Amino acid sequence: MDPELCRRAKEGDADAFASLYETVSSKLYSTAFYMLGRKEDAEDIVMETVTDAFSEIRSLREPAAFEGWIFRILMNKIKRRRKSYIGEDLELQPDLISSDKGDRDEAVALRQALAELPQQDRSILVLDILGGYRSDEIAGMLGMNPNTVRSRKVRALEKLRRMLGEGQYDRR
Amino acid sequence: MTDDNKAALTDMEERLRRAMPLIDTPESLSPDAVAEKLRESSHERKTPIYVYFRNAVAAVLILAIGFGAVRASSVIFGSGAKKADDGYGSASYDVSENVIAGEGNKEEVSDDGIPSSYSAQSSQTNGAVITASEDIEIMKGESIHLALSAGYDGIVEDHRSGDAKVCAAEMSEADDGSTLITIEGVSPGTAEIYLMRDGSAVYIIRVTVTE
């Protein structure tokens, strides 16, 4: 992360902050979308995250930690937003995935199964698979022990396999 | 884990990777749109100083009339260890807060980037003025530690699940001289812990212990 951009962002330069944000914008939005399942909520949460991060960036000591820092803010906001979903089914929006029929059905089935995992397991898989973060980085974002992240990831993958293998989802 | 199992998990990861491609951000979240939004919000924040002064005076008057007393704000922050939900490993626990006196909610993003939401309120409890509160959920058998920056001279526990002891709380001094409070989940239920200063409860921690 560019220390100069970070310094300018800390001084309130919105353009400098936007340049920092640009490096993670797609990951932030995709993570929010796969965690929440709704484009509108993902947009809201990312904008809230960005606004909070901009107003709090003075507290960020190491520019290199920007990505992990802003993801922690995002994940906490997602956690809180998910609580308001209790009792509601996730709305899946398959229009954002491959147009190939086979891939599309597979993706819908996988995302349905993913939506049924406990939130922490889902967070780990999304950050690992989508963000490509290491377990220690995910641990930092979620406030967990890296060993726990690793063990939960394995169990979450096994759980997904069982869910799909049991024919619980129509994979046509 | 057998090689077959490892291969199956790797396959599942690959399938997930295909099912969850990176999505382009919508126009409303483009860097330009975000910069514009941030500039607008910065501009909106430039409220004339007299407005802050007027609001502060009004808030103090309301609190003083409503509760008879207003205590100075306090600060609580700290870190500790917390078992993961399934009992495997541990997860860190961090809170950081500049507690405000008065009714309402305050959302903070701490130094380490963890946003924490706390409610801060003034109310009369057994004649004491509570200026702030925090809700904590821990598992039975789990302990958390909070470092308190403000000076508290004691704690009072109030268990609300019949006679069962819900949690145990203990104050101690950390190596750096700050005050630590350790809360251990004993049995499922809810309890309240009051942090005392000069004989009054000034901070309330509502503890929910789960199985």
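A quick note: this is a predicted structure, and the numbers were derived from the prediction, not measured. So you know, we letter chains A, B, ... as the sequences are listed, proteins then strands, and number each from 1.
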_Derivation of the side chain to side chain contact (heavy atoms under 4.5 Å, CB included) call for B:Ile23 and A:Tyr34_ = CA-CA 10 Å; B:Ile23 307 166; A:Tyr34 290 121; 3.8 Å; yes
So do the side chains of B:Pro26 and A:Glu43 get within less than 4.5 Å of each other, counting heavy atoms only? yes
_Quick check: do A:Lys159 and B:Met12 have side-chain heavy atoms less than 4.5 Å from each other?_
no
Minimal heavy-atom distance between A:Leu157 and B:Glu13, with the atoms involved, is CD1-CG, 3.6 Å
Got more than 12 heavy atoms from elsewhere within 6.0 Å of CG, B:Asp24?
no
Practice problem: Using the salt bridge (Lys or Arg N to Asp or Glu O under 4.0 Å) rule, take A:Asp15 and B:Arg39 through it: C-alpha gap first, then chi angles, then the decisive distance, then the call. | Solution: CA-CA 9 Å; A:Asp15 290 315; B:Arg39 271 192 295 272; 2.8 Å; yes
From the list A:Lys153, A:Met75, A:Met141, the residue making the most non-hydrogen contacts under 4.5 Å with chain B is A:Lys153
In short, A:Ala18 meets B:Pro31 closest at the heavy-atom pair CB-O, 3.4 Å
* Asked: So A:Leu125 and B:Met20, side chain to side chain contact (heavy atoms under 4.5 Å, CB included) or not? Walk me through it.
  -> CA-CA 10 Å; A:Leu125 287 184; B:Met20 295 194 300; 5.6 Å; no
query = Is there side-chain contact between B:Leu16 and A:Leu160, with heavy atoms separated by less than 4.5 Å?
reply = yes
Is the side chain of A:Ser26 donor-acceptor paired with the backbone N or O of B:Thr25 at a distance under 3.5 Å, no angle test?
no
Next on the checklist: Are A:Tyr21 and B:Leu38 packed together at the side-chain level, in the sense that at least one heavy-atom pair is separated by less than 4.5 angstrom?
Outcome noted: no
Rounding to 0.5 Å, atoms OG (B:Ser28) and CD (A:Glu40) come to a distance of 10.0 Å
A:Arg8 meets the side-chain hydrogen bond (donor to acceptor under 3.5 Å, both in side chains) criterion, sequence neighbours left out, with A:Asp13
inquiry  = Measuring only between side-chain heavy atoms, which start at C-beta, is A:Glu22 closer than 4.5 Å to B:Val34?
reply    = no
Under 4.5 Å to a heavy atom of chain B? For A:Val126 that would be both
A:Asp128 and B:Arg17 have their tightest heavy-atom pair at OD1-NH2, 4.4 Å
Heavy-atom nearest pair, B:Ala35 first then A:Ala14, reads O-CB, 3.7 Å
